[in-house]
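Computed from a predicted structure; not experimentally measured. Below, read A as the first sequence line, B as the second, and so on, with proteins coming before strands; counting in each chain starts at 1.
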Number of protein chains: 2
Amino acid sequence: MAAARRPSPAHACQSCDVRANAICASLDGCALAELGSLGRRMTVRSGQTLLWEGDEAALVGNVLTGMLKLSTMTGDGREQIVGVVFPGDFIGRPFGKDSLQTVTALTDATVCVFRRNAFDSFAEAHGEIGQALLRRTLDELDRARRWMLLLGRMSASERVATLLIELHSRLGHGRSGDTIMLPLSRQQMGDLLGLTIETVSRTMTRFERAGLIRLPGGRRLEMRNEEELKRIAAG
Amino acid sequence: MAAARRPSPAHACQSCDVRANAICASLDGCALAELGSLGRRMTVRSGQTLLWEGDEAALVGNVLTGMLKLSTMTGDGREQIVGVVFPGDFIGRPFGKDSLQTVTALTDATVCVFRRNAFDSFAEAHGEIGQALLRRTLDELDRARRWMLLLGRMSASERVATLLIELHSRLGHGRSGDTIMLPLSRQQMGDLLGLTIETVSRTMTRFERAGLIRLPGGRRLEMRNEEELKRIAAG
DNA sequence: CGCGACGTTGATTGTTATCAAGTGGAGTGG
DNA sequence: CCACTCCACTTGATAACAATCAACGTCGCG
């Protein structure tokens, strides 16, 4: 079941929704048209995998809509999600290495993909894009390292609280009292936090009983006491 | 107790030991001289801190000799080491952000430092250095994400085995039967692995009793059965 | 209606953290 | 040269936390 692919007309970049947030923002009209001619839009259904850990990473690209996860596995199949990408974010590993992560759609998603070789050459020729990619990669590295503190040193409550705060601020409008739809299953939350599904579930019901959140049906989350949750997340 | 600092003569770059391995390798003689004029050599004693988490990160630079750790802490003081840097590696956070890690010398070390602003401007003007930094940052990100799997999903034995294999291959000559000096205290190993000092110690004595390693005195490590240790590390 | 995916809850186990001594070696000073 | 101290490390006993194993509930869908 291959993902649907179709050429994206060159002019599409001009009106691209994520252009301002993606690395393409660094390019002028001419370079943008050139890059656009190298790319293709691609639709990925929720659950489908775009890149496999260990395979030659033939693709890179930008997320247009939806969310995807980056994950790695131990030899015996335990999974850890090492990153989640949103519209405007870059995916894949430029510059000649195998993919070290599996990239899988968490929701239906569209991405604008390039063959890695073609993208690498383009990047060599257009320094701006390297600059943009560098800034983005430095931010990603900061995020990964912050998450290492969570994985290495935080308790289950601290981990879950941190995730809920982050999802709420990222997907809600930041207002306390909001209800958001959780984009992750309990299993995925566990894979992100280094916990089991049961521990995630128990921790969330404990938060609900304590009046910090409400969980009206599996995937809905209502924030009731963000301050206290933040206090827990801080460790 | 401020670290010792002295100007590095511009010509020092030409004969710099780490030049071939550092981002400077990307520069031609002229640009190298320019960058050299911005930098200063600096000595840091084991245990001294170069940058503090949360402070404005005024410095960036290259490691010339020694090893340093990058670490973060929870609000209540639990520490996680998120990276270890060796000669030729880059330290600091270019492009306008506070340092998110504390950088501390694990051994006596020398670094070649630049004021961040001066370095940023130089990097804007010299695309090559951005390219070199990008490749290095992508590698760092891969490493950080691999470590996230260890922190999130591996048992104490798997974590310790992974670290010992990595230290042995990095510091020894890769031959089984070698003895190496461990560059980390048990506490530091724990901070890197997300474990307590006691768990690290117990795990190592279990490995010794099983004949996988020998520990002749606190900091020496002799590899006796690298294969089995690798098997454990694989999960 | 029954099935399957997802989520919750309970009982129990197992691993690692915590608390508390104890050991051994390097360095100091009588 | 021998206590003495300090520090890193080890070892032991116990507790706490999260994983595991096992039902059970709920929702959506054929």
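No hydrogens or angles were tested; on distance alone, nothing pairs the side chain of A:Gln188 with the base of C:dC6 as donor and acceptor under 3.5 Å.
Listed nucleotides C:dT8, D:dC9, D:dT11 differ in distance to B:Arg186; the shortest reach to its side chain belongs to D:dC9. Checking C:dT16, C:dT8, D:dT10 against the side-chain heavy atoms of B:Thr199 singles out C:dT16 as nearest. Distance from the side chain of A:Arg202 is smallest for C:dA11 among the nucleotides C:dT18, C:dA11, C:dT8. Of all nucleotides listed (D:dT11, C:dT9, C:dT16), C:dT16 comes nearest to the side chain of B:Ser155. Comparing D:dC21, D:dT11, C:dA17 by their closest approach to the side chain of B:Thr205 singles out D:dT11. With C:dA20, C:dT8, D:dC9 as the choices, the nucleotide that has an atom nearest any side-chain atom of A:Leu215 turns out to be C:dT8. With distances taken from any side-chain atom of B:Ser185 to the nucleotides C:dT16, D:dC9, C:dT9, the minimum falls on D:dC9.
Distances shorter than 4.0 Å separate some side-chain N or O of A:Arg219 from OP1 or OP2 on C:dG7. An OP1 or OP2 oxygen of D:dA19 is reached within less than 4.0 angstrom by a side-chain nitrogen or oxygen of A:Thr196.
Going from atom CZ of A:Arg220 over to atom P of D:dC27 covers 14 Å, rounded to whole Å. Atoms CD1 (A:Ile197) and C1' (D:dC24) sit 14 Å apart, rounded to a whole Å. If you measure from atom CG of B:Leu221 to atom P of D:dC9, you get 13 Å, rounded to the nearest angstrom. Atoms CG (A:Leu193) and C1' (D:dC17) sit 16 Å apart, rounded to a whole Å. Remark: P of D:dA19 and CD of A:Gln187 are 11 Å apart, rounded to the nearest angstrom.
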In sequence, state the C-alpha distance, the side-chain angles, and the governing distance for B:Lys69 and B:Asp191, and then conclude on salt bridge (charged side-chain N to carboxylate O under 4.0 Å, His left out). CA-CA 10 Å; B:Lys69 65 172 181 174; B:Asp191 290 342; 5.0 Å; no
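Within the 4.0 angstrom heavy-atom criterion, no nucleotide atom of any strand lies near B:Gly190.
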Which side-chain N or O atoms in residues 206-216 of chain B pair as donor and acceptor under 3.5 Å with protein atoms at least two apart or in another chain?
from	atom 1	to	atom 2	distance (Å)
B:Glu208	OE2	B:Leu215	N	3.0
B:Arg214	NE	B:Glu222	OE1	3.4

